[in-house]
Number of protein chains: 2
Amino acid sequence: MHSSLLAVNESTVSGLGRLARFFGFSEVMGRLYGTLLMNPEPLSLDDLAETLEISKGSVSMNMRSLERWGMAKEVWVRGERKKYYTAEPDFWQVIRNVLSSREQREVQVALHVLRDSIDKLRAAEVELTPEERALAVFYLERIGDLQSFFQFAQLALGTILGSEETINFDTITKVEIG
Amino acid sequence: MHSSLLAVNESTVSGLGRLARFFGFSEVMGRLYGTLLMNPEPLSLDDLAETLEISKGSVSMNMRSLERWGMAKEVWVRGERKKYYTAEPDFWQVIRNVLSSREQREVQVALHVLRDSIDKLRAAEVELTPEERALAVFYLERIGDLQSFFQFAQLALGTILGSEETINFDTITKVEIG
DNA sequence: CATCACATTCAGAATGTTTTGAACACAGGA
DNA sequence: TCCTGTGTTCAAAACATTCTGAATGTGATG
């Protein structure tokens, strides 16, 4: 195989490994996804283990994670008993999965905790000494700032996820906040 | 001190620890930032070590990281020789720092690598066998998808960072993509 | 310039995470 | 039923990260 193809493959695989880390997944998951993405044909567990030079056990577990996240799926190959996988090629779909099943929930939990804190402080107000009351006011201010941030995050996620149809990245010319 | 104040403090500190992890920092950094954020008065290294029950060495190192990221700054306390710190209270400022010095660079590196890959494939075209050429075409397609994604990320980051004045999260009603 | 009060550093310990590979489970075919 | 090829599991090992605390550095002060 020509060296340029090998080099491009390698840099894509390691780049996706990096991206996976960034999104809080294991690097191996990213590399597996990358390997599948850069292969026109489906690959078996053994193929993947051999290509990435990692144990079959690791491939097995990481592939199941990839499946759960909708980043890869099993395909049937005629006359073969092995499991074969392909990458979900719609990157947008993958991002949507991650953002909606993980990030969005995180943000909502955070907002919930903040709201609880505010309620707690308001409820306790009558029992506080003057100094404590001053501190409570200070807390409310800081918590309000955090709330604003998470509300922004919620809004941004909602916007990205809200558009039902697949966003065609190529046609985006502007991201507006207002 | 009233239990509600303690509870709110604790949940904010651990929430910020969590957020720090999410952004790829150490949890301790987040907790330190949270502790400072929830204290009207500056705190010394010893105060922080005692409050969070961690060693002074760890506090020292993590506080220097926080300073480098613009999340905390030293303040002079009259008549004291110790170093005192306060949290940068403008959350938006903190986010801007992180996004512009880290995320934006990451995205630009990724785009650069992808462009290099495309160039490499184009340059090698004449030397390829027919099968290799088919694979190159396939690679170009996949790489184009990745490029679109990173270009979107670049655009979004640019929009958030581009607005010179501090964004008031409270007044944001919409995040638009188009 | 010696002392004191603090901050910083870093080797080693503690802890957390990921990987491996051997054991096991399972399904299909003989 | 037993064998064979495959996938899965999980305890232990390898590896990575983070923390600690004693040693060291630093600078202000008498």
Side-chain angles (χ1 to χ4, degrees), chain A residues 13-14 16-36 41-69 71-87 102, chain B residues 13-14 16-36 41-69 71-87 102:
Chain A
V13 168
S14 58
L16 285 169
R18 201 175 167 71
L19 191 64
R21 295 227 86 152
F22 177 79
F23 272 100
F25 298 104
S26 80
E27 176 163 354
V28 170
M29 274 176 71
R31 295 177 67 85
L32 284 166
Y33 177 77
T35 303
L36 291 171
E41 304 302 327
L43 296 175
S44 70
L45 293 186
D46 288 318
D47 294 337
L48 290 165
E50 193 183 357
T51 305
L52 293 180
E53 297 179 313
I54 57 180
S55 74
K56 209 168 65 145
S58 179
V59 172
S60 175
M61 289 197 306
N62 281 290
M63 280 313 300
R64 301 224 284 123
S65 287
L66 280 180
E67 265 193 289
R68 276 204 303 283
W69 283 104
M71 294 180 195
K73 51 189 179 189
E74 214 177 317
V75 292
W76 289 109
V77 173
R78 235 177 75 89
E80 280 280 5
R81 282 167 57 191
K82 292 184 185 185
K83 278 189 174 180
Y84 280 81
Y85 290 97
T86 51
R102 211 184 48 182
Chain B
V13 169
S14 58
L16 286 169
R18 203 177 165 70
L19 191 64
R21 293 226 88 153
F22 177 79
F23 272 101
F25 298 105
S26 81
E27 177 162 357
V28 171
M29 275 177 70
R31 295 178 68 86
L32 285 167
Y33 178 76
T35 303
L36 291 172
E41 305 301 329
L43 296 174
S44 70
L45 293 186
D46 288 317
D47 294 338
L48 290 164
E50 195 183 356
T51 305
L52 293 180
E53 297 178 311
I54 56 180
S55 74
K56 212 167 68 142
S58 179
V59 173
S60 177
M61 288 197 307
N62 280 290
M63 280 312 301
R64 303 224 286 125
S65 287
L66 280 181
E67 267 192 286
R68 277 204 302 283
W69 283 104
M71 294 180 193
K73 51 188 176 193
E74 216 177 317
V75 292
W76 290 109
V77 174
R78 234 179 74 88
E80 280 279 9
R81 283 168 57 188
K82 291 184 184 180
K83 278 190 173 180
Y84 280 82
Y85 289 97
T86 51
R102 211 184 47 184

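Below, chain A is the first sequence line, B the second, and so on; all start at residue 1. These values consider heavy atoms only, across backbone and side chains, with no hydrogens, waters or symmetry-generated copies.
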Here DNA chain D, pairs taken as Watson-Crick or G-U under 3.5 Å and shown with ( ), [ ] when crossing and | when to another strand, reads ||||||||||||||||||||||||||||||
Which salt bridge (Lys or Arg N to Asp or Glu O under 4.0 Å) pairs, counting each pair once, include a residue from residues 44-53 of chain A, with sequence neighbours left out? A/Asp46-A/Lys82
How would you list all residue pairs meeting salt bridge (Lys or Arg N to Asp or Glu O under 4.0 Å) that involve residues 59-68 of chain B, not counting sequence neighbours?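 Sorted result for residues 59-68 of chain B: empty, none.
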Considering residues, nucleotides and ligands other than B/Glu80, do more than 12 of their heavy atoms fall under 6.0 Å from its CD?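 Result for CD/B/Glu80: enclosed.
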Sequence neighbours excluded, which residues qualify as ring-ring contact (aromatic ring centres under 6.0 Å, His included) partners of B/Phe25?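 Partners of B/Phe25 by the ring-ring contact (aromatic ring centres under 6.0 Å, His included) criterion, ordered by chain and then number, come out as B/Trp69.
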To the nearest Å, give me how far apart [atom1] ([X]) and [atom2] ([N]) are.
| X | N | atom1 | atom2 | value |
| --- | --- | --- | --- | --- |
| A/Glu50 | C/dG21 | CD | P | 15 Å |
| B/Glu53 | D/dT20 | CD | P | 10 Å |
| A/Asn62 | D/dG7 | CG | C1' | 15 Å |
| B/Ile54 | D/dG21 | CD1 | C1' | 14 Å |
| B/Glu27 | D/dC19 | CD | C1' | 13 Å |
| B/Glu80 | C/dC4 | CD | C1' | 15 Å |
| A/Leu32 | D/dG7 | CG | P | 14 Å |
| B/Leu52 | D/dT18 | CG | P | 16 Å |

Is any side-chain heavy atom of [Y] closer than 4.5 Å to one of [X]?
| X | Y | result |
| --- | --- | --- |
| B/Met61 | B/Val28 | no |
| B/Leu36 | B/Met63 | yes |
| A/Val59 | A/Leu52 | no |

By the side chain to side chain donor-acceptor pair (under 3.5 Å) test, which pairs, at least two apart or in different chains, include something from residues 18-27 of chain A? A/Arg18-B/Glu106, A/Ser26-A/Asn62
Within the distance-only criterion (no hydrogens, no angle test), does the side chain of A/Ser60 pair as donor or acceptor with the backbone N or O of A/Lys56 below 3.5 angstrom?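 Such a contact is absent between A/Ser60 side chain and A/Lys56 backbone.
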Could you run down the sub-3.5 Å N/O contacts of the protein with nucleotides 7-11 of chain C?
{"residue": "C/dA7", "atom": "OP1", "partner": "B/Lys83", "partner atom": "N", "Å": "3.0"}
{"residue": "C/dA7", "atom": "N7", "partner": "B/Lys56", "partner atom": "NZ", "Å": "3.2"}
{"residue": "C/dT8", "atom": "OP1", "partner": "B/Lys83", "partner atom": "NZ", "Å": "2.8"}
{"residue": "C/dT8", "atom": "OP2", "partner": "B/Ser60", "partner atom": "OG", "Å": "2.9"}
{"residue": "C/dT9", "atom": "OP1", "partner": "B/Arg64", "partner atom": "NH2", "Å": "3.3"}
{"residue": "C/dT9", "atom": "OP2", "partner": "B/Arg64", "partner atom": "NH2", "Å": "2.5"}

